[in-house]
Amino acid sequence: MSSRRTGAWRPLLAGLAALVTLGGLTAAGPAAAEPPPGTDTTDTTGTTVEYRGYQVTVPAGWRVVDLAADPDACVRFDRPAVYLGEPGDQSACPPGLKGRTAGLVVEPLDAGAARQTTAATAVAPRGSASAQGATSRDGAIQVAVEDAGVLVTAAHAPATEQLVRGVLAGAELTAGAERTELPAAGAADGGAARPAAAAGPQPGDFRGQGFDACAAPSQTTMDAWLASSPYRAVGVYISGATRACAQPNLTASWVTNQTNKGWHLIPIDVGRQAPCSNFSNKMSADPVTARAQGVSAANASATAAQSLGIPAGSALYSDIENYTSTASCKAAVMSYVSGWTEALHAKGYLSGLYSSASSGVRDAASVYDDARYLRVDHLWFAWWNGAADTDAGSYVPDAYWSDHQRIHQYVGEVYETYGGQRLHIDRNYLDVGEGTPPPVTCTTANLSFNAYGTIRSGSTGALVDAAQCLLRAAGHNPGSTAPNGTFDAGTVTAAKAFQTARGLTADGIIGPRTWTALLSRGTTPTVQNGSTGEAVTRLQRALTAALGRTVGIDGIFGPNTQTAVRDYQSTRGLGVDGIVGPATWGALQAGK
């Protein structure tokens, strides 16, 4: 690892002060707000860093951390930094970190790194250290640079995405680069392409103590704490662009191992925060938009849960940090939580809310029976009173969320050591039950794509997963118990059966018409400009397939969706009004 100064960063650094911001609240109250350590927006030089033949220039204010020299370093993104090497066990990460600025992790492209990759991971072409058009997923852009044998994960906040993309675009290969190809899917897990799922819905039925930490602990730490600590539940941040810590240990195999050994998991999403908070990544103050943002967050979190093997029926908890509540802020937050709940229920998950007892939790209790909002299934309240129980005092009436639906974070930010393994944690007491999962529609595959290409016998990949899931949801079993990503004989049979039922040519090939019918299947409420929710998401997917062009899939019926609806209506001989009623739904569901 080496680094040097360069003046190449003047164009991007001129706006760095406006781009790099730091969230400043925790569930227990305000945290010290300070600029990211080392950030100096008057310094227009940059720092060029080289690792294993991969060279990148970052702003001069960023820390450079050599993980080989400092294996205990916490990989954190609440202050700008570049981390070089394989992350350690992350036991040094404090639990209260929230907020994200920007940062890079550059690590060897080995089996361990391969476990961190997803369908969104880009692969740099031969002779290049960057990949054009790499997708940002959950506040991070990931590129496998095979010619240097490194995996680059670039975290960002919404305001710093372009800065980070500029950093990645300027990467170069040096003479020290040696090629290592990305291990094939499943190679990192002993050849199992799809690791076993968690041992049932999470947290499941459990009453007792748990803890949460910023980063999922290593297997060594989890085993030591299982043997010696009073805890049997662990909170893990599975998604959300406001996460401050990297998650090098959190994989599907990690989830399977912990739950098989008796741990209960509390899956957490920390994304947009209250519009009246000090965080940079905020939800809209407009309740309609905030609700749509909650839908989007839930869809992303459910996707993350599915990729980790956390099954439908589990509760996923939206982390909304402490805020000073006002009537307008409360309306936005409760609308966001309603969208979160709506979308999770559509995917078969239970919804949870984590917040300070004095802000988000009190607000949720105040609208418990308010028909304008959807009630969350589980409530997790931060009230650091030291009492290991689920009594929320005056913040929540005893009758609310009383059927094994509560978690109490009763102590925050303490160090504890068991079996020689030290962690910085928050303490929790849980009284939770599985409850009755909402009806499952299609929970095991991503359904949102920029294009829906034709697939047929022999096709493989994410589109096949989506088709198999949709066919099963429509009552036509492809044969496997879960999507397997291969368009096999069972999928052909199921596709033909669906096509016959919809009056389509029963050829077993899923092209534009069959995609349109599959993606639009479901309820047919009238939706128009300003509508939000699951029906709008289905509409946008179906229009993307029917029109053969990308229609933004965000669950928000805005001007672009209205234009697409009018175009569809015009080309299908329907009344052109931009409103999706029975006639337009009928055409879509018939595959027209």
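Heavy-atom basis, side chains included; hydrogens, waters and symmetry copies ignored. Numbering of residues begins at 1 and proceeds along the displayed sequence.
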Taken to the nearest 0.5 Å, the spacing of I425 CD1 from Q409 CD works out to 10.0 Å
Over 60° means perpendicular and under 30° means parallel, so tell me whether W225 and Y418 are parallel, tilted or perpendicular.
perpendicular
Students often mix this up, so state it plainly: with edges at 30° and 60°, are the rings of H408 and F381 parallel, tilted or perpendicular? parallel
Examine distances only and state if a side-chain atom of [X] and a backbone atom of [Y] form a donor-acceptor pair shorter than 3.5 Å.
{"X": "Q258", "Y": "W254", "result": "yes"}
{"X": "Y83", "Y": "R76", "result": "yes"}
{"X": "Q540", "Y": "G552", "result": "yes"}
{"X": "E107", "Y": "L151", "result": "no"}
{"X": "Q273", "Y": "D319", "result": "yes"}
{"X": "D431", "Y": "R207", "result": "no"}
{"X": "Q202", "Y": "G200", "result": "yes"}
{"X": "D269", "Y": "S318", "result": "no"}

Residues passing the salt bridge (Lys or Arg N to Asp or Glu O under 4.0 Å) test with E86, sequence neighbours excluded, are none
Query - Y368 six-ring face occupied by R375 cation (under 6.0 Å, within 45°) - result: yes
Residue pairs passing the salt bridge (charged side-chain N to carboxylate O under 4.0 Å, His left out) test with at least one member in residues 298-313, sequence neighbours excluded, are none
Here the salt bridge (charged side-chain N to carboxylate O under 4.0 Å, His left out) pairs for residues 270-280, sequence neighbours left out, are none
Query raised in the report: So with a 6.0 Å cut-off around CG of N450, is the heavy-atom count from everything else above 12?
Result: no
Practice item. Using only the SG atoms, establish whether C93 and C245 come within less than 2.5 Å of one another. Key: no
